[in-house]
Amino acid sequence: MTSTEPENVRRVACVGAGVIGGGWVAHFLARGYDVTAWDPAPDAELRLRRLVDAAWPALTQLGLADGASTDRLTVTATLEEAVGDAQFVQESAPEKLDVKRDLLARLDAATPPGVVIASSTSGYPMTDMQTDAEGAGRLVVGHPFNPPYLIPLVEVVGGERTSAEAVAWASRFYEVAGKSVITMDREVPGFIANRLQEALWREALHMVANGEATVKEIDDSITEGPGLRWAFMGPMLTFALAGGEGGMAHMLDHFGPSLKSPWTRLEAPELDKALYDSVVAGCDDAAAGRTIADLVAERDQGVIDVLRATGRLPGAGKESGK
Ligand SMILES: NC(=O)C1=CN([C@@H]2O[C@H](COP(=O)(O)OP(=O)(O)OC[C@H]3O[C@@H](n4cnc5c(N)ncnc54)[C@H](O)[C@@H]3O)[C@@H](O)[C@H]2O)C=CC1
Ligand SMILES: C[N+](C)(C)CC(=O)CC(=O)[O-]
């Protein structure tokens, strides 16, 4: 690969500028990069600029990199213009395999040689998405968490045709850009965190479908319970403490047998109209009059408070080396 060193990247392209692409744009702008963005929707630029403006107060609170500005965003009329001069490309188009395949092949054709192209996919293995691209060696998954401008984690993994160099480059680049990276050495559908989230989500939907718990009870059970621990200690170490002085070994001896009890339903429930409507109505009730914009602002402040309380606020610009 002939790419720029991760530390020297200045120009990033974001293709697909919805919830996640827009979040990536906000993140890279706050880190001081020049960002080009392309999205085929007619109202994409308006939505994108609105998203960036809404994120900026949170990003300012975190500390912007030297020279960071929303003026460094250019929305282009074509995909080719967006990536033609890019030193890194983040794809965030809809989660449809045919769209990803086609788009990654187009991006590969239009992006300068050696430049790494990452997909935000939340579950497809890169092997399935890189089928139509000639330069498949530079295509990686860089799976973010919403909003990418506040949640540090990115899961990086290549496909069968991806070069190890591209995976290593992407991991280093994300670190330089202020992310917390898990680099996977093999493909697993849903990567690590989404497999865990999906298990929880599947159970939540079963409970709503069966009338066993309301949407609010499900949310409260996490925010008032395990969620408080998970912000700074994961499920493994947390459960090790359930074993007292005996740690995880005692925890397994004590609670291992209940793993065989039917606490979980491994099949997803049918997402029929009744379940769909219950979940949507339950969320509307839980929002209690707050708009999506209100909830986004509340979430952003909450994440910042948790990061601050757990000593994980990055010094803006310093770690980024920019
Ligand atoms: N929403 C979330 O919480 C997360 C989503 N992701 C992943 O990010 C990607 C994007 O998802 P969202 O931002 O949620 O979707 P979204 O629907 O908010 O945004 C998708 C954007 O892509 C644009 N688009 C449509 N066709 C396109 C094409 N051919 N080329 C480029 N752009 C195109 C749309 O106009 C839209 O603005 C998906 O792969 C998804 O799995 C990853 C992590 C979290
Ligand atoms: C809902 N989702 C599966 C697209 C979520 C993610 O992929 C990650 C996140 O933000 O939780």
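Computed from a predicted structure; not experimentally measured. Whatever order the structure lists them in is the order used to number ligands and atoms, beginning at 1.
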| task | Determine, using heavy atoms of Glu95 and all atoms of ligand 2, whether some pair is separated by less than 4.0 Å. | result |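 In this structure, Glu95 fails to qualify as a contact of ligand 2 - no heavy atom is under 4.0 Å.
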
Hey, is [X] one of the residues with a heavy atom under 4.0 angstrom from ligand 1?
X	result
Glu91	no
Trp38	yes
Ser92	yes

Interatomic spacing from [atom1] in [X] to [atom2] in [Y] - rounded to 0.5 Å:
X	Y	atom1	atom2	value
Thr70	Arg49	OG1	CZ	7.5 Å
Asp39	Glu45	CG	CD	10.5 Å
Ile20	Asn146	CD1	CG	4.0 Å
Gln61	Gln301	CD	CD	4.5 Å

Within-cutoff protein neighbour (heavy atom, under 4.0 Å) for [atom]:
atom	result
atom 41 (O) of ligand 1	yes
atom 4 (C) of ligand 2	yes
atom 24 (N) of ligand 1	yes

| Considering only heavy atoms, does Asn194 approach ligand 2 within less than 4.0 Å through its side chain, its backbone, both, or neither? |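 Looking at Asn194 and ligand 2, just side chain atoms fall under 4.0 Å.
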
Going by the order shown, which atoms of ligand 1 are within less than 4.0 Å of some heavy atom of [X]?
X	result
Asn146	3 (O)
Asp39	21 (C), 22 (O), 23 (C), 34 (C), 35 (O), 36 (C), 37 (O)
Arg47	35 (O), 37 (O)
Gly18	13 (O), 18 (O), 19 (O), 21 (C), 37 (O)
Lys100	38 (C), 39 (O)
Ala41	35 (O)
Ser122	40 (C), 41 (O), 42 (C)
His143	42 (C), 43 (C)

| query | Side chains of Val12 and Gln87: does their closest heavy-atom pair fall under 4.5 Å? | reply |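 A side-chain contact under 4.5 Å is absent here.
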
Please report which non-hydrogen protein atom sits nearest to [atom], along with the residue it belongs to and the distance in Å to one decimal place.
atom	result
atom 11 (O) of ligand 2	Gln197 NE2, 2.8 Å
atom 9 (C) of ligand 2	Phe145 CD2, 3.4 Å
atom 10 (O) of ligand 2	Asn146 N, 2.9 Å

| task | For the pair Phe88 and Phe173, name the ring-plane relationship: parallel under 30°, tilted 30 to 60°, perpendicular over 60°. | result |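 Phe88 vs Phe173 ring planes: tilted.
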
| message | Judged on heavy-atom distance to atom 11 (O) of ligand 1, which of Ser120, Gly142, Gly22, Ala93 sits nearest? | response | Ala93

| Option nearest atom 26 (N) of ligand 1 (shortest heavy-atom distance, choices Pro147, Pro94, Gly21) |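 Among Pro147, Pro94, Gly21, the closest heavy atom to atom 26 (N) of ligand 1 belongs to Pro94.
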
| field | Close-contact set for ligand 2 against Ser122 heavy atoms, below 4.0 Å | value | 4 (C), 7 (O)

| Would Leu103 and Val15 count as a side-chain contact (heavy atoms from CB on, under 4.5 Å) if you check the C-alpha gap in whole Å, the side-chain angles of each, and the deciding distance to 0.1 Å? | CA-CA 9 Å; Leu103 182 58; Val15 171; 4.1 Å; yes

| message | Show every ring pair (Phe, Tyr, Trp, His ring centres under 6.0 Å) that has at least one partner inside residues 180-225, sequence neighbours left out. | response |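 Counting only pairs at least two positions apart or across chains, the ring pair (Phe, Tyr, Trp, His ring centres under 6.0 Å) contacts touching residues 180-225 are His143-Phe191.
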
| request: Could you tell me whether some N/O pair between Glu198 and ligand 2 is separated by less than 3.5 angstrom? | output: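 Not met; the criterion fails.
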
| note | So for Pro40 against ligand 1, with non-hydrogen atoms under 4.0 Å, the contacting part is side chain

